Amino acid sequence: MKKLVILDGNSLAHRAFYALPLLRTTTGYFTNAVYGFTTMLQKIIRQEQPDYLAVAFDAGRITFRHEEYADYKAHRKATPDELRPQFPLIKKVLAAMRIPVLELESYEGDDLISEVVRAAEKKGIQVLIVSGDRDMLQLVTEQTKALITRKGISDLECFTPEGVNEKYGITPSQVADYKGLKGDQSDNIPGVPGIGAKTAVKLLQQFHSVEECLANLDQLTPKMAALLREYGDQALMSKRLATLAQDVPVRIDFADLKMEQPDYEALINIFQQLEFKLLLKNIQEEIPSDIAAPDEGEDFCLIKTKPELVDLIEELKETGEFAFCFERNGISPHSAAVSVLGVAWGDSCVAIAFPEDAKQQGEMLALLDEVLAGPDYVKFCHDAKAELIMCRRHGLDLKGIKGDTMLGAYLLNSSLSNPEIEDLSLKYLDQVVNFAQDETGAAQRALMIKKVWAVLIEALQRDDLADLFYKLELPLSVVLAEMEIQGVKLDLTRLEEMSRRLSKQLLTLTADIYALAGEGFNINSPRQLGQILFEKLKLPVIKRTKTGYSTDAEVLEKLAPLHEIPSKMLEYRQLTKLKSTYVDGLQSLVNTRTGKVHTTFNQTITATGRLSSTEPNLQNIPVRDELGREIRSAFIPSEPGWILMAADYSQIELRVLAHMSRDSRLIADFQHGEDIHTRTAATIFGVAQEDVTADLRRRAKGINFGIIYGITDYGLARDVGVSREEAARYIENYFLQYPGVKRFIEETIREAREKGYVQTLLKRRRYLPDLLSSNRNVRAFGERTAMNTPIQGSAADIIKMAMLRIHKDLQEKSLKTRLLLQVHDELIFELPAEELEPLASLVRSGMENVIELAVPLKVGIETGPNWNDMEGVE
DNA sequence: GTTCTCACG
DNA sequence: ACGTACGTGAGAACA
C-alpha cells in the first residue's frame, strides 16, 4: 500500500518558532521556524519514507468560516513579526526539496488536508497527517493516522482511532461535536457556556453527536436541557466551524505529490543563505557524488596487481606530482591497516587495493617507496602527519610533501578545527561531494585534495601565511609524527597497584557518604547529589547551573563547615577522577604492540595555534596536588639506563606580552631576572621588593594571569578572594603602572575590530566575528579573546619553532635522545643518562635563543627516573 | 548529543 | 541589568 504524508505548514511553523530560540543569520534574517520546520520535515521523510508528500498552508486571512462567524479566530494573536517573513523562506526550502505546497485562497491548510485525505482514502492510499493542531484528529481512520506534536518539535504522538478514543474518550468523528459543545478558546469558537471537557465527553458517549443531544433533551437533567435549549444553535454553528471543509474546490492529482529527489543545488544554495551549517553537512553525505564516478570516468581504474602498480608508478614518476591518501575509515593512523591508497595526478585518479596477505602487501608497498620517499616527487595530502605515521608503521618513508589541505585550511582560518576534505571542497570549490563507499572513494578523495590544494596555496600566499605553513607547521608535523610513534612507556604495575588502592578507598568513602545521607544514591550524579544536599539536608544553595543546583568543588568547599558530606564528596570526586580518567583510562590506551601510550597531537584543533592531545590527553596529567602527582610516577623511560628530562619556559606568556606591548616597565621587570610576581606586587602595591608578603605576591600573580586572559574585576575578585571594588582598584593601578600594556590591549582590540582578525608573532590569524556582535556579552568575550590570542598564540609559535630546532639538532648531533611530549610551555624528553649534559645545554639554548624578543626567554630544566621525581639541572 | 565536573597550561 | 577570566579533553549521567 502506498503511503502519503501531509504536513500542516502553518501549525508546524508556529510550533517550531516557539520551540526554538530566535536564531538569526549574520545578515539579520530570523530563521528559527525555518530551521525547526526543516529538521522536522527531514526527520519525518527519513522515518516514514513516503511515496507521496505535500505541505498545506493557509491562504488569505479571511476564510469561508468568517462568513458564518465573523469573530472566528478573533482572539488569535497576530503572527509575530519575527515569524511572518519566515514563511516565504520555508516555501523556498520546500521548492528546493521539490515538495509541493498546497494553498487555496480563503481556505485553511486544515481544509486542504481534509480534502487530500478524502481523495487518498478513495484511492486506497495510507495517510499520515503531521500537525501541532489536535483538530486534525477528526480525520483519523483505520487508513489515516495523525502525528501530533506533544511538546517542542521533536516529541510527537501518533494517533490511531483507538488512540484518540483512549486518550479523549471520543471517536475521531466526534471531535467536531466535542468542540461544538465545549468550544475552543484559541479559535474563538463559543460552544455551549457551562459545558467543559468532562461534560462534553459524557454527553457524546451517551448521544454520539450534537444533533442527537438536541433531539433527546428530555433525557437530560433539567439544568443541562435548559442550557442546550438556549445555546443549541450556537453549538451547531460551533460544530460547523470546527468541522473541516467537505467541499473544497480543488482537484488532487497524486502524480503531482510523488516524492522526488531534491534539487540539491538549490537546496545547498538556500541552506548556505540561511547559514544552516549542520544541515549542509548532512545533505553533503546524502548526495551522490558526481566526481570521478568509476563507471563513467575513463580516467579511473582500480589497481590490484603488481604489474598494474608498476605502470602507475612509471606514470607518477613522469608527472612528478600527485595527491594521495590512505583509507583509514576514521581509525587512528597508529592502528589502521593499509587497505586502499587513493592517488591523483593531472586529471586522473586511481585506487590501489592492497592484498590482505602481509607478504604480498609488503611487496606492493615496497614498490611505492620510491615515489613516496623520493623528496623530488611533489606530493599533496590531507593530514600529512597521519599519512607519515601510516607510512612509517609499514616501513616506508615519506618525503616531498608540498601541500596539506587540512593544515592549510586551518592556517587560513583557525576556527575550522580538524576540517575534512569534504568541508573544504564545499568551502573553497562550492562543490558538494560524497565519496563512494568502496575503494573508488579513495581515488575521488585524492583528486579532491589536489583540486582544493590549488586554491588553498593561493589563499595562503595572499594572506602571507605561506612561510608559517612551509617553515613551521608542515615540518612540525614530521616532528609530531615521530613523537607519537615513539610513545611513552608506562609503569603498569604501579598503575594497577594504584587502581586497587583507590578502589578500596572509594568503597569506604561511598559507604560513609551513604550513611551520612541516610540513603544510597548515585554518587556520580550531580543532580542526585544536589537533591541530597539541598532538598533533604536543606544546605544553602550557593550557585545554580542552567539546569539545577551546582555541586562543583567551589560549592562543596563553602558547604564543608556545615556538614560532613561535602568534604567527603570532594575527596570522592578527587579519587574517582584520578581512577577513571588517569589510572584506568591510561591503562586502557596502552598499545598492545608497543606497550606504550601513543597520543595524537592535534595540530588543527585550537583557535590560538596551540596543540592539543587526545587518546590519551597527555597534556593534562595531574601535577597540582600530591596525590595526583603520583600518576606522573608511572611515566617512565622506555629503555633501561635512560632518564626523563622536562624543559619548561618560565613565564613565556608574560614575556611575550612584554615583547608585544613594548611596555618599558614590564620589560625592565624581566631584565632584572627576579621573580616577576614579586616585582609586579612591589610595583602596584607601592612597597619595596623585600616587603612583598606571600599574600601580596599571590594577588599580583592573579593580576598577571588576569591580564593575559582579558581581565575583569569580577574574575580577578573571584580568583584572589577580594571584593570586586578592590579588584577593580588593582586593575586600575596596574594599568597606571604599566601604561604600555594598557595601550597594547586597546590597540589590539581596535585593530581586530577593523581587520576582523588578530595575529601572532608569526602572522598566525584568528578571526573574531564576535567583536561585531550586537550582544554585549558576546562582544566582551570577543574582546578578551582578541587580546589573549596574540599572547597565547605567539607562545605557541615560539615553542613550535623550538621543537623544530631541537629536533634538527638532535639529528645532526646523532644523539639518542627522543622528544616525547609537548605540554604548551614545556618539552619532555627521554634520554640515555650519559646524554644529560650535552642535551641540557642543547635544549636550553634551543629554547631560549629560538627567537629574539625584547626580554630574555628563560628555561628551567629538570631530570629524573620518572615524570614525578624530578630535580633541577643547572 | 548535551551538561556537569575536573584535569592541565 | 547582566554574566565574565583564555585555551583544551575525558568520563559519567541523563535525555
Side-chain angles (χ1 to χ4, degrees), chain A residues 151-152 154-155 278 414 417 521-530 543-556 569-570 572-586 588-589 599-602 605-625 627-629 631-632 648-653 657 702-720 724 727 731 758 766 775-793 795-796 799 821-827:
Chain A
K151 202 182 89 194
S154 44
D155 187 4
L278 188 68
S414 58
S417 59
F521 61 100
N522 186 342
I523 197 166
N524 290 317
S525 159
R527 215 171 81 180
Q528 293 186 32
L529 175 65
K543 196 164 64 163
R544 289 181 177 278
T545 66
K546 266 185 281 189
T547 53
Y549 314 113
S550 169
T551 66
D552 65 18
E554 196 191 322
V555 170
L556 293 176
M569 262 319 293
L570 280 168
Y572 177 88
R573 287 246 177 97
Q574 190 196 5
L575 299 188
T576 37
K577 175 80 180 179
L578 282 182
K579 185 169 177 341
S580 63
T581 307
Y582 299 107
V583 178
D584 297 347
L586 277 174
S588 72
L589 288 167
T599 186
T600 297
F601 284 109
N602 301 113
I605 287 267
T606 72
T608 55
R610 276 188 176 183
L611 300 175
S612 88
S613 156
T614 48
E615 278 182 288
N617 179 355
L618 295 183
Q619 292 181 321
N620 73 345
I621 303 301
V623 68
R624 291 173 187 168
D625 54 62
L627 187 65
R629 286 190 74 100
I631 303 284
R632 293 196 167 214
D648 79 299
Y649 276 117
S650 150
Q651 304 300 341
I652 188 168
E653 293 191 344
L657 174 64
I703 294 166
N704 279 334
F705 271 105
I707 293 293
I708 289 166
Y709 291 156
I711 203 157
T712 66
D713 50 7
Y714 180 90
L716 181 61
R718 207 171 46 119
D719 196 58
V720 301
R724 206 168 145 159
I731 295 169
V758 288
R766 177 177 183 177
N775 180 323
R776 234 187 65 147
N777 290 324
V778 175
R779 215 167 47 236
F781 177 73
E783 287 171 1
R784 292 198 294 273
T785 37
M787 53 166 292
N788 172 264
T789 298
I791 301 172
Q792 195 185 110
I799 196 167
L821 298 175
Q822 187 249 48
V823 191
H824 310 309
D825 65 354
E826 69 175 328
L827 299 176

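All values derive from a computational prediction rather than experimental measurement. Per chain, numbering begins at 1; letters A, B, ... match sequence-line order.
What separates CD of A:Gln651 from C1' of C:dC6 is a distance of 16 Å, to the nearest Å. Spacing between atom CD of A:Gln619 and atom P of C:dC6 amounts to 19 Å, rounded to whole angstrom units. Here the P atom of nucleotide C:dA15 and the NZ atom of A:Lys546 are 16 Å apart, to the nearest Å. The interatomic distance linking A:Asp825 (CG) with C:dC6 (C1') rounds to 14 Å, in whole Å. Rounded to a whole Å, the CG atom of A:Asp719 is 21 Å from the P atom of C:dG3. Between the CD atom of A:Glu783 and the C1' atom of C:dT4 there is a distance of 12 Å, rounded to whole Å. Distance A:Asn775 CG to C:dA1 C1': 13 Å, rounded to the nearest Å. Rounded to a whole Å, the CG atom of A:Leu618 is 12 Å from the C1' atom of C:dA10.
Other residues, nucleotides and ligands place more than 12 heavy atoms under 6.0 Å from the CD atom of A:Gln574.
Within 4.0 Å (heavy atoms only), A:Ile791 reaches no atom of the nucleic acid at all. Looking at heavy-atom distances under 4.0 Å, A:Ile708 makes no contact with the nucleic acid at all. Backbone-only engagement by A:Phe781 is indicated by non-hydrogen atom pairs under 4.0 Å involving sugar-phosphate atoms exclusively. Note on A:Ala796: nothing from the nucleic acid sits closer than 4.0 angstrom, heavy atoms only. Counting any heavy atom pair closer than 4.0 Å across all strands shown, A:Ala607 reaches sugar-phosphate atoms only and no base atom. Residue-level contact check: A:Ile605 touches the backbone only, with heavy atoms under 4.0 Å from sugar-phosphate atoms and none from bases. Counting non-hydrogen atoms under 4.0 angstrom, A:Arg776 reaches a base of the nucleic acid. Among the heavy atoms of the strands lying under 4.0 Å from A:Thr545 are primed sugar atoms or P, OP1, OP2 only; no base atom is included. Nucleic acid contact for A:Ser613: sugar-phosphate only, since backbone atoms but no base atoms lie under 4.0 Å from a heavy atom of the residue. Note on A:Arg527: only backbone sugar-phosphate atoms sit closer than 4.0 angstrom, heavy atoms only; bases stay farther off. The residue A:Asn617 sits close only to the backbone: its heavy atoms come under 4.0 Å of sugar-phosphate atoms, none of a base. Note on A:Gly609: nothing from the nucleic acid sits closer than 4.0 angstrom, heavy atoms only. If you check every strand for non-hydrogen atoms under 4.0 Å, A:Glu653 touches nothing.
Taking every side-chain heavy atom of A:Gln528 into account, C:dC14 is the closest of C:dG11, C:dG3, C:dC14. Considering only side-chain atoms of A:Ser580, the nucleotide from C:dA10, C:dA12, C:dG7 that sits closest is C:dA12. Of the candidate nucleotides C:dA15, C:dC6, C:dA1, C:dC6 has the atom lying nearest to any side-chain atom of A:Asn788. Nearest nucleotide to the A:Thr614 side chain, out of C:dG7, C:dA13, C:dG9: C:dG9. When distances are taken from the side chain of A:Arg724 to each of C:dA1, C:dG7, C:dT4, the shortest belongs to C:dT4.
At least one side-chain nitrogen or oxygen of A:Arg784 sits closer than 4.0 Å to the OP1 or OP2 atom of C:dC6. An OP1 or OP2 oxygen of C:dA12 is reached within less than 4.0 angstrom by no side-chain nitrogen or oxygen of A:Thr576. Between A:Asn524 and the phosphate of C:dA13, there is a side-chain N or O to OP1/OP2 separation shorter than 4.0 Å.
Under a 3.5 Å cut-off, the side chain of A:Thr576 and the backbone N or O of A:Arg573 do form a donor-acceptor pair. Judged by distance alone, with hydrogens and angles left aside, the side-chain atoms of A:Ser550 form no donor-acceptor pair with the main-chain N or O of A:Thr545 at under 3.5 Å. Side chain of A:Thr785 to backbone of A:Asn788: no donor-acceptor contact under 3.5 angstrom is found. Proximity of a side-chain donor or acceptor of A:Gln619 to a complementary backbone N or O of A:Gln822 within less than 3.5 Å is detected. The main-chain N or O of A:Ile621 is found under 3.5 Å from a side-chain atom of A:Arg632 such that the two form a donor-acceptor pair. No donor-acceptor distance shorter than 3.5 angstrom exists from the side chain of A:Thr614 to the backbone of A:Asn617, with no hydrogens or angles considered. The main-chain N or O of A:Glu615 is never found under 3.5 Å from a side-chain atom of A:Thr599 such that the two would form a donor-acceptor pair.
Checked against A:Asn602 for a side chain to side chain donor-acceptor pair (under 3.5 Å), the options A:Ser613, A:Ser417, A:Ser612 give a single hit: A:Ser612. Just one of A:Val720, A:Asp719, A:Ile731, A:Leu716 meets the side chain to side chain contact (heavy atoms under 4.5 Å, CB included) condition when paired with A:Ile703; it is A:Leu716.
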Assess whether side chain to side chain contact (heavy atoms under 4.5 Å, CB included) is satisfied between A:Met787 and A:Val758, documenting all intermediate values. CA-CA 8 Å; A:Met787 53 166 292; A:Val758 288; over 6 Å; no
Side chain to side chain contact (heavy atoms under 4.5 Å, CB included) assessment of A:Tyr582 paired with A:Asn620: CA-CA 10 Å; A:Tyr582 299 107; A:Asn620 73 345; 3.4 Å; yes
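C:dA1 and B:dC6 have their P atoms separated by 33 Å, with the value rounded to a whole Å. B:dC8 and C:dG3: their P atoms are spaced 30 Å apart (whole Å). Annotation: C:dC2 and B:dT5 have their C1' atoms spaced 25 Å apart (nearest Å).
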If a pair means Watson-Crick or G-U wobble with both distances below 3.5 Å, what does DNA chain C look like in dot-bracket form, with | marking bases paired to a different strand? .....|||||||||.
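Protein chain A contacts DNA chain B from B:dT3 to B:dG9, reading 5' to 3' and using non-hydrogen atoms of the protein with a distance under 4.0 Å.
Both A:Asp713 and A:Thr785 lie near DNA chain C, and the one whose nearest nucleotide falls closer to the 5' end is A:Asp713.
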